[in-house]
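Being a predicted model, the structure only gives us computed values, none of them experimental.
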Amino acid sequence: MQQTLIVILGPTGIGKTDLSIDIARELGTEIISSDSRQIYKELKIGTAVPSDDQLQKVKHHFIGNKSIYDYYNASMFEFEVLDLLNELYKTYNQVVMTGGSGMYINAVCDGIDELPTIDMQLRNDLLQKYHDEGVESLRIQLKMLDPQSYQRIDLKNPKRILKALEVTIQTGQPYSSFLTRPKKKRPFHILKIGLQRERDELYQRINVRVDQMVHDGLVEEARKFFKDRHLNSLNTVGYKELFEHFEGKISLNKAIELIKRNSRHYAKRQMSWFNRDQEIHWFHPEKEKNIMGFIKSKIK
RNA sequence: GGGGAGAUACCAAAGUGGCCAACUGGGGCAGACUGUAACUCUGCUGGCGCACGCCUUCGUAGGUUCGAAUCCUGCUCUCCCCA
């Protein structure tokens, strides 16, 4: 039997968790989470991690195994997951991976180029320059140092320019020269299952879930990390809005409203990302029998 | 009952004779995205062809004018103050 990675993806709130657990149980295997925020042990309620009960049913990996104070990125995820898969495939022929972080999923399925880790000092210096002199000066610098990236990058997006500059300056070689975009060969098959619902239905689920999170103590969870709000890991829907509230800028109700809206926006961005991927087989999350049947037909 | 203010596209809100299919923000829709990515960024948003263009809009019915969201009149509704 061939070894297969069954990837269950879709926007936030679509119903990945329940389905993945059912599939993993049916196949008698384990689950790898591909969610860039559920990975942080401090963020439970706001990232909708599986319940203790659910975690009991199937062994999950990459949930709560990092701290918000750690540095982490998609490349690290790629290597850690590949290592883990190497182990898991000694026991299982199929492993389920589920989550909504498109770049993390791509890193595992296709790989991403090797880039150096950026020196914090350099990063801060460039950020300072950006704040002092604006994007235009970053553009000029990039055009000089790496004309190719200048051509290719979204010049209206400061984060993307910053990234290119960081790599170029740190290594002395243009950022563009690192981007070979190889689709790395994986020693296992990949089967992508995409989940989709009617837009209204999805948005309704998101709204209900946010209310549930608040009921479950999201506000208190966020308050614990108010002091750390500058951390990137906390630049996350469900937390950043509450930080605004704690700062007295908006009411609690307004914050909750914004969490719902920003979750919808996030879901839309996820859909845009996944829509490009021609390898995805789309299903309604409640068509579980169809999905199971499809998976079984593919792994035999 | 008297006085005042106002009715603009999904919402909020500019515009007060031609440069207005109508600023701006929100929402919505579409999209980009190879590294802190639940980030960051872009476009569209009256209809039709979607480039030029054409058609129907600014409570409603009339009127003035070459020309009105913008001026005048009636009507309807909303809000505020006095009774």
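- Counting any heavy atom pair closer than 4.0 Å across all strands shown, A/Y239 reaches no nucleic acid atom.
- Judged by atom type and distance alone, A/R264 does not reach the base of B/C29 through any side-chain donor-acceptor pair under 3.5 Å.
- Closest of all the heavy-atom pairs between A/L43 and A/S233 is CD1-O, 3.8 Å.
- Closest to the A/K156 side chain, of the nucleotides B/U42, B/G31, B/U34, is B/U42.
- In a base pair of the Watson-Crick type (N1 to N3 plus N6-O4 or O6-N4) or a G-U wobble (N1-O2 and O6-N3), with each distance short of 3.5 Å, B/G1 is matched with B/C82.
- Separation of the C1' atoms belonging to B/A7 and B/A69 is 12 Å when rounded to the nearest angstrom.
- Using the Watson-Crick or G-U wobble rule with both distances under 3.5 Å, B/C52 pairs with nothing in any strand shown.
- Using the Watson-Crick or G-U wobble rule with both distances under 3.5 Å, B/C71 pairs with B/G63.
- Along RNA chain B, the nucleotide nearest to A/M213 and the one nearest to A/I112 differ in position, and the one closer to the 5' end is contacted by A/I112.
- In this structure, A/K260 does not pair ionically with A/E241, as no charged nitrogen and carboxylate oxygen lie closer than 4.0 Å.
- Between B/G28 and B/C79, the two C1' atoms lie 30 Å apart (nearest whole Å).
- Atom CE of A/M103 and atom P of B/U40 are 13 Å apart (whole Å).
- Taking atom C1' on both B/A21 and B/A68, the two are 15 Å apart, rounded to the nearest angstrom.
- A gap of 30 Å separates the C1' atoms of B/U76 and B/U24, to the nearest Å.
- When each of B/U42, B/G31, B/U34 is scored by its nearest atom to the side-chain atoms of A/L179, the top-ranked nucleotide is B/U34.
- Residue A/T12 is tested with A/Q270, A/R209, A/R205 for a side chain to side chain donor-acceptor pair (under 3.5 Å); the sole match is A/R209.
- Residue contacts shown for A/T236 include a base, since a base heavy atom lies under 4.0 Å away.
- Distance check on atom P: B/G18 versus B/C82 gives 39 Å, rounded to whole Å.
- You'll find that the side chain of A/N157 is closest to B/C41, out of B/A30, B/C41, B/G26.
- Of the candidate nucleotides B/G43, B/U34, B/A32, B/U34 has the atom lying nearest to any side-chain atom of A/W273.
- Base pairing of B/A12: its partner is B/U24, meeting the Watson-Crick or G-U wobble criterion (both donor-acceptor distances under 3.5 Å).
- Summarising the local packing, NZ of A/K184 is surrounded by more than 12 heavy atoms from other residues, nucleotides or ligands at distances under 6.0 Å.
- RNA chain B is contacted by both A/Y130 and A/T47; A/T47 maps to the nucleotide lying nearer its 5′ end (nearest heavy atom per residue).
- Searching all strands for a Watson-Crick or G-U wobble partner of B/A32 with both distances below 3.5 Å returns B/U40.
- Listed pair A/K268 / B/A30 meets the phosphate criterion, a side-chain N or O lying under 4.0 Å from OP1 or OP2.
- Residues A/I280 and A/I193 come closest through the heavy atom pair CG2-C, 4.2 Å.
- Annotation: A/E201, atom CD; neighbour count of heavy atoms from other residues, nucleotides and ligands within 6.0 Å is above 12.
- Closest to the side chain of A/Y175, from the set B/G31, B/C39, B/U34, is B/U34.
- Nucleotides B/G53 and B/A22 are separated by 11 Å at their P atoms, to the nearest Å.
- When the side-chain nitrogen and oxygen atoms of A/H265 are compared with OP1 and OP2 of B/G28, one or more of them lie within a distance under 4.0 Å.
- The nearest whole Å value for the distance from the CG atom in A/D277 to the P atom in B/A32 is 12 Å.
- Residue A/L115 places its side chain closer to B/U34 than to any other of B/C29, B/U40, B/U34.
- In the set B/U34, B/C29, B/G28, B/G28 carries the atom at the smallest distance from any side-chain atom of A/R261.
- In this structure, A/R199 reaches the B/C29 phosphate: one of its side-chain N or O atoms is under 4.0 Å from OP1 or OP2.
- Residue A/S272 places its side chain closer to B/G31 than to any other of B/G31, B/G28, B/C39.
- Of the charged side-chain nitrogens involved, none lies within less than 4.0 Å of a carboxylate oxygen, so that A/E247 and A/R223 do not count as a salt-bridged pair.
- Shown here, B/G6 forms a base pair with B/C77; the pair counts as Watson-Crick or G-U wobble because both key distances fall under 3.5 Å.
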